[in-house]
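What follows is a single structure, written as C-alpha coordinates, with notes after it.
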Amino acid sequence: TWVASRREDRVRAFAEQHAIPNWTTDVGRMLCAGDVDAVFVGVPNFLHEEMAIAAISQGKHVLQEKPMALSTEKALAQCEVAKSRGVVLSVNQILRMVAGVRFRDTLSPLRILNISLVMTPTEWTGWRADPKLSGGTLFEMAIHQLDLARWLFGRNPQAVWATGADIPGHDMTVILDFGEGDSAIVDFCWRSAGFHQRILACGEKGFVTQALALPVGRGHQTITTAH
(Lines give C-alpha, C1' and ligand atoms only; values in the text may rest on other atoms or scores of the structure.)
Protein backbone atom coordinates (compact mmCIF):
# COMPACT_ATOMS: atom_id res chain seq x y z
CA THR A 1 0.00 0.00 0.00
CA TRP A 2 1.20 3.47 -0.94
CA VAL A 3 0.12 7.06 -0.34
CA ALA A 4 1.39 10.14 -2.18
CA SER A 5 1.06 13.88 -1.63
CA ARG A 6 2.89 17.04 -2.64
CA ARG A 7 3.59 17.91 1.01
CA GLU A 8 5.99 15.65 2.85
CA ASP A 9 4.72 16.58 6.31
CA ARG A 10 1.14 15.64 5.43
CA VAL A 11 1.89 12.41 3.61
CA ARG A 12 4.26 11.24 6.34
CA ALA A 13 1.68 11.94 9.05
CA PHE A 14 -1.10 10.24 7.06
CA ALA A 15 1.04 7.17 6.46
CA GLU A 16 1.93 6.90 10.15
CA GLN A 17 -1.67 7.41 11.27
CA HIS A 18 -3.01 4.67 8.98
CA ALA A 19 -0.02 2.30 9.14
CA ILE A 20 0.73 2.66 5.42
CA PRO A 21 4.21 1.25 4.77
CA ASN A 22 5.12 3.31 1.70
CA TRP A 23 4.76 7.05 1.20
CA THR A 24 6.21 9.50 -1.29
CA THR A 25 5.95 13.03 -2.67
CA ASP A 26 6.61 11.66 -6.15
CA VAL A 27 3.32 10.43 -7.63
CA GLY A 28 5.14 8.97 -10.63
CA ARG A 29 7.17 6.73 -8.33
CA MET A 30 4.00 5.39 -6.71
CA LEU A 31 2.30 4.76 -10.05
CA CYS A 32 5.30 2.77 -11.29
CA ALA A 33 5.42 0.60 -8.18
CA GLY A 34 4.92 -3.06 -9.05
CA ASP A 35 2.90 -3.79 -5.92
CA VAL A 36 0.25 -1.15 -6.76
CA ASP A 37 -2.79 -2.61 -8.54
CA ALA A 38 -5.33 0.19 -8.06
CA VAL A 39 -5.24 3.90 -7.28
CA PHE A 40 -7.67 6.21 -5.52
CA VAL A 41 -7.47 9.77 -6.88
CA GLY A 42 -8.45 12.33 -4.24
CA VAL A 43 -7.03 15.63 -5.46
CA PRO A 44 -8.57 19.03 -6.39
CA ASN A 45 -11.13 18.80 -9.20
CA PHE A 46 -8.97 20.32 -11.92
CA LEU A 47 -6.34 17.61 -11.42
CA HIS A 48 -8.67 14.58 -11.59
CA GLU A 49 -8.27 13.97 -15.31
CA GLU A 50 -4.48 14.33 -15.31
CA MET A 51 -3.97 12.01 -12.33
CA ALA A 52 -6.46 9.40 -13.52
CA ILE A 53 -4.94 9.14 -16.99
CA ALA A 54 -1.44 8.94 -15.50
CA ALA A 55 -2.52 5.98 -13.36
CA ILE A 56 -4.41 4.28 -16.19
CA SER A 57 -1.42 4.67 -18.48
CA GLN A 58 0.57 2.61 -15.96
CA GLY A 59 -2.04 -0.14 -16.11
CA LYS A 60 -3.62 0.69 -12.74
CA HIS A 61 -7.33 0.42 -11.96
CA VAL A 62 -8.69 3.79 -10.82
CA LEU A 63 -11.32 4.94 -8.35
CA GLN A 64 -11.45 8.71 -8.46
CA GLU A 65 -13.34 11.41 -6.64
CA LYS A 66 -16.09 13.19 -8.50
CA PRO A 67 -16.12 14.87 -10.91
CA MET A 68 -14.25 12.79 -13.49
CA ALA A 69 -13.27 16.01 -15.25
CA LEU A 70 -14.52 19.55 -15.81
CA SER A 71 -15.98 18.74 -19.23
CA THR A 72 -17.87 15.88 -20.85
CA GLU A 73 -15.22 15.51 -23.54
CA LYS A 74 -12.43 15.02 -21.01
CA ALA A 75 -14.48 12.52 -19.01
CA LEU A 76 -15.22 10.46 -22.12
CA ALA A 77 -11.56 10.59 -23.09
CA GLN A 78 -10.68 8.94 -19.77
CA CYS A 79 -13.13 6.13 -20.51
CA GLU A 80 -11.51 5.51 -23.88
CA VAL A 81 -8.02 5.36 -22.35
CA ALA A 82 -9.21 2.95 -19.63
CA LYS A 83 -10.91 0.76 -22.25
CA SER A 84 -7.78 0.65 -24.38
CA ARG A 85 -5.67 -0.36 -21.37
CA GLY A 86 -8.19 -2.92 -20.12
CA VAL A 87 -8.50 -1.43 -16.63
CA VAL A 88 -11.45 -0.46 -14.45
CA LEU A 89 -12.26 3.25 -14.09
CA SER A 90 -14.86 4.17 -11.47
CA VAL A 91 -16.11 7.36 -9.81
CA ASN A 92 -16.62 7.66 -6.06
CA GLN A 93 -20.27 8.74 -5.99
CA ILE A 94 -20.78 7.92 -2.32
CA LEU A 95 -24.49 8.73 -2.07
CA ARG A 96 -25.30 5.76 -4.29
CA MET A 97 -24.10 3.54 -1.45
CA VAL A 98 -25.23 5.62 1.51
CA ALA A 99 -28.63 6.77 0.29
CA GLY A 100 -29.48 4.68 -2.72
CA VAL A 101 -28.57 1.05 -2.34
CA ARG A 102 -31.08 0.53 0.47
CA PHE A 103 -34.18 1.18 -1.59
CA ARG A 104 -33.31 1.44 -5.28
CA ASP A 105 -34.77 -1.94 -6.19
CA THR A 106 -37.39 -2.00 -3.42
CA LEU A 107 -39.50 0.79 -4.96
CA SER A 108 -38.91 0.04 -8.63
CA PRO A 109 -40.27 1.49 -10.76
CA LEU A 110 -39.59 4.86 -9.13
CA ARG A 111 -42.08 7.62 -9.99
CA ILE A 112 -41.37 10.71 -7.85
CA LEU A 113 -38.15 11.76 -6.11
CA ASN A 114 -37.53 14.82 -3.91
CA ILE A 115 -34.04 15.54 -2.57
CA SER A 116 -33.20 18.57 -0.43
CA LEU A 117 -29.77 19.59 0.83
CA VAL A 118 -29.49 22.35 3.41
CA MET A 119 -26.24 23.96 4.53
CA THR A 120 -25.01 26.67 6.84
CA PRO A 121 -23.82 29.79 4.93
CA THR A 122 -20.24 29.03 3.89
CA GLU A 123 -17.53 30.88 2.00
CA TRP A 124 -15.28 28.70 -0.11
CA THR A 125 -11.58 29.46 -0.33
CA GLY A 126 -8.63 28.23 -2.35
CA TRP A 127 -9.27 26.26 -5.54
CA ARG A 128 -12.92 25.66 -4.57
CA ALA A 129 -13.59 29.39 -4.86
CA ASP A 130 -12.44 29.46 -8.50
CA PRO A 131 -15.05 27.94 -10.87
CA LYS A 132 -12.34 27.32 -13.46
CA LEU A 133 -10.62 24.97 -11.00
CA SER A 134 -13.59 23.49 -9.14
CA GLY A 135 -16.32 23.56 -11.79
CA GLY A 136 -18.55 25.62 -9.48
CA THR A 137 -21.11 24.30 -7.01
CA LEU A 138 -22.63 21.95 -9.60
CA PHE A 139 -19.37 20.00 -9.87
CA GLU A 140 -18.18 20.37 -6.28
CA MET A 141 -21.43 19.94 -4.31
CA ALA A 142 -24.66 19.43 -6.27
CA ILE A 143 -23.17 16.63 -8.37
CA HIS A 144 -23.83 14.18 -5.52
CA GLN A 145 -27.59 14.71 -5.41
CA LEU A 146 -28.00 15.00 -9.19
CA ASP A 147 -26.07 11.77 -9.69
CA LEU A 148 -28.18 10.04 -7.04
CA ALA A 149 -31.39 11.05 -8.83
CA ARG A 150 -30.13 9.73 -12.17
CA TRP A 151 -28.87 6.50 -10.56
CA LEU A 152 -32.10 5.81 -8.69
CA PHE A 153 -34.15 6.19 -11.88
CA GLY A 154 -31.61 4.16 -13.82
CA ARG A 155 -31.60 6.46 -16.85
CA ASN A 156 -30.79 9.98 -18.01
CA PRO A 157 -33.46 12.70 -17.79
CA GLN A 158 -35.16 13.80 -21.00
CA ALA A 159 -35.29 17.42 -19.91
CA VAL A 160 -33.77 19.57 -17.14
CA TRP A 161 -35.01 22.88 -15.71
CA ALA A 162 -33.03 24.85 -13.15
CA THR A 163 -33.17 28.18 -11.37
CA GLY A 164 -30.69 29.84 -9.01
CA ALA A 165 -26.97 30.47 -9.32
CA ASP A 166 -23.99 28.16 -9.68
CA ILE A 167 -22.16 30.15 -7.00
CA PRO A 168 -21.28 29.06 -3.43
CA GLY A 169 -23.82 30.45 -0.99
CA HIS A 170 -26.60 30.80 -3.56
CA ASP A 171 -29.67 28.55 -3.59
CA MET A 172 -30.55 26.35 -6.54
CA THR A 173 -33.51 24.23 -7.61
CA VAL A 174 -33.29 21.59 -10.34
CA ILE A 175 -36.19 19.67 -11.90
CA LEU A 176 -35.38 16.52 -13.85
CA ASP A 177 -37.98 15.08 -16.24
CA PHE A 178 -37.30 11.36 -16.76
CA GLY A 179 -40.25 10.85 -19.10
CA GLU A 180 -43.38 8.75 -18.65
CA GLY A 181 -44.49 11.21 -15.96
CA ASP A 182 -41.49 10.37 -13.72
CA SER A 183 -39.61 13.31 -12.23
CA ALA A 184 -37.17 14.47 -9.57
CA ILE A 185 -36.85 17.80 -7.75
CA VAL A 186 -33.50 18.61 -6.17
CA ASP A 187 -33.27 21.67 -3.87
CA PHE A 188 -30.11 23.25 -2.48
CA CYS A 189 -30.32 25.84 0.32
CA TRP A 190 -27.27 27.60 1.75
CA ARG A 191 -29.26 29.62 4.32
CA SER A 192 -30.09 27.00 6.93
CA ALA A 193 -28.59 25.59 10.11
CA GLY A 194 -26.57 22.41 9.89
CA PHE A 195 -25.71 20.17 6.97
CA HIS A 196 -28.58 17.80 6.20
CA GLN A 197 -30.04 15.86 3.32
CA ARG A 198 -33.65 14.68 3.08
CA ILE A 199 -35.11 12.30 0.53
CA LEU A 200 -38.65 11.32 -0.38
CA ALA A 201 -38.82 8.56 -2.97
CA CYS A 202 -42.16 7.22 -4.20
CA GLY A 203 -42.60 4.17 -6.41
CA GLU A 204 -45.28 1.72 -7.41
CA LYS A 205 -44.30 -0.63 -4.57
CA GLY A 206 -44.15 1.92 -1.74
CA PHE A 207 -42.25 4.97 -0.55
CA VAL A 208 -39.17 5.84 1.47
CA THR A 209 -38.30 8.94 3.47
CA GLN A 210 -34.77 9.47 4.66
CA ALA A 211 -33.02 12.10 6.77
CA LEU A 212 -29.24 12.06 6.70
CA ALA A 213 -26.89 14.24 8.73
CA LEU A 214 -23.68 15.05 6.88
CA PRO A 215 -20.78 14.44 6.63
CA VAL A 216 -21.71 10.77 6.45
CA GLY A 217 -20.50 8.83 9.46
CA ARG A 218 -20.37 11.85 11.75
CA GLY A 219 -24.05 12.36 12.41
CA HIS A 220 -27.28 10.43 12.48
CA GLN A 221 -29.46 8.71 9.94
CA THR A 222 -33.20 8.11 10.10
CA ILE A 223 -34.97 5.97 7.52
CA THR A 224 -38.72 5.35 7.30
CA THR A 225 -40.12 2.86 4.84
CA ALA A 226 -43.80 2.21 4.08
CA HIS A 227 -45.54 -0.17 1.70
Side-chain angles (χ1 to χ4, degrees), residues 41-49 52 63-76 78 90-101 103-104 110 112-178 182-201 208-219 221:
V41 177
V43 296
N45 293 355
F46 65 96
L47 295 174
H48 287 186
E49 177 202 15
L63 172 64
Q64 64 167 304
E65 266 298 339
K66 54 73 192 166
M68 288 180 64
L70 299 183
S71 73
T72 302
E73 292 75 17
K74 291 182 178 181
L76 292 174
Q78 285 184 52
S90 184
V91 183
N92 187 32
Q93 290 287 4
I94 59 174
L95 288 187
R96 295 187 183 189
M97 299 297 101
V98 174
V101 73
F103 57 82
R104 180 185 182 188
L110 185 63
I112 296 293
L113 177 67
N114 291 338
I115 304 176
S116 61
L117 181 68
V118 297
M119 298 158 282
T120 301
T122 303
E123 181 179 354
W124 285 354
T125 59
W127 61 267
R128 286 186 174 87
D130 186 344
K132 294 180 179 179
L133 301 180
S134 69
T137 55
L138 279 172
F139 282 76
E140 176 59 17
M141 182 69 72
I143 190 172
H144 284 296
Q145 288 69 33
L146 296 175
D147 173 78
L148 179 61
R150 176 179 170 274
W151 187 73
L152 287 173
F153 275 100
R155 60 188 188 273
N156 289 323
Q158 296 181 2
V160 178
W161 178 89
T163 183
D166 187 17
I167 302 172
H170 291 252
D171 297 349
M172 184 186 305
T173 298
V174 181
I175 299 177
L176 306 170
D177 179 1
F178 287 92
D182 304 341
S183 63
I185 299 176
V186 186
D187 277 320
F188 305 92
C189 177
W190 293 74
R191 298 170 292 109
S192 179
F195 190 15
H196 302 275
Q197 176 179 279
R198 292 184 180 275
I199 295 175
L200 170 62
V208 169
T209 61
Q210 181 189 73
L212 183 67
L214 300 171
V216 173
R218 300 180 185 177
Q221 180 175 226

Reported [atom1]-to-[atom2] distance for the pair [X] and [Y], which is rounded to 0.5 angstrom:
X: Arg128; Y: Leu133; atom1: CZ; atom2: CG; result: 11.5 Å
X: Leu146; Y: Met172; atom1: CG; atom2: CE; result: 8.5 Å
X: Arg150; Y: Asp147; atom1: CZ; atom2: CG; result: 6.5 Å
X: Ile115; Y: Leu148; atom1: CD1; atom2: CG; result: 4.5 Å
X: Ile167; Y: Thr137; atom1: CD1; atom2: OG1; result: 8.0 Å
X: Ile185; Y: Asn114; atom1: CD1; atom2: CG; result: 5.0 Å

Which heavy atom of [X] sits nearest to which heavy atom of [Y], and what is that distance?
X: Leu176; Y: Ala149; answer: CD1-CB, 3.8 Å
X: Met68; Y: Val91; answer: CG-CG2, 3.1 Å
X: Ala201; Y: Leu110; answer: CB-CD1, 3.9 Å
X: Lys74; Y: Ala69; answer: CB-CB, 3.6 Å
X: Arg198; Y: Ala211; answer: NH1-CB, 3.4 Å

[X] side chain to [Y] backbone, donor-acceptor under 3.5 Å:
X: Asp171; Y: Trp190; result: yes
X: His144; Y: Ile94; result: no
X: Asp166; Y: Leu138; result: yes

Stepwise side-chain hydrogen bond (donor to acceptor under 3.5 Å, both in side chains) test for Ser183 and Asp177: CA-CA 5 Å; Ser183 63; Asp177 179 1; over 6 Å; no
Phe178 and Phe153 aromatic ring geometry - parallel, tilted or perpendicular at 30°/60° bounds: parallel
Side chain to side chain contact (heavy atoms under 4.5 Å, CB included) evaluation trace for Val174 with Val160: CA-CA 7 Å; Val174 181; Val160 178; 3.8 Å; yes
Candidate pair Gln93 and Ile143, rule side chain to side chain contact (heavy atoms under 4.5 Å, CB included), full reasoning: CA-CA 9 Å; Gln93 290 287 4; Ile143 190 172; 3.8 Å; yes
Partner set under ring-ring contact (aromatic ring centres under 6.0 Å, His included) for Trp161, not counting sequence neighbours: none
Side chain to side chain contact (heavy atoms under 4.5 Å, CB included) between Leu117 and Phe195, intermediate numbers included: CA-CA 7 Å; Leu117 181 68; Phe195 190 15; 3.8 Å; yes
Asp187 and Thr173: side chain donor to acceptor below 3.5 Å: yes
Exceeds 12 heavy-atom contacts within 6.0 angstrom, atom NZ of Lys66: yes
Qualifying residue, where the test is side chain to side chain donor-acceptor pair (under 3.5 Å) with Gln78 and the options are Glu49, His48, Gln64: Gln64
Worked check of side chain to side chain contact (heavy atoms under 4.5 Å, CB included) between Gln197 and Leu95: CA-CA 11 Å; Gln197 176 179 279; Leu95 288 187; 3.2 Å; yes
Single hit among Pro131, Ser134, Pro67 for side chain to side chain contact (heavy atoms under 4.5 Å, CB included) with Phe139: Pro67
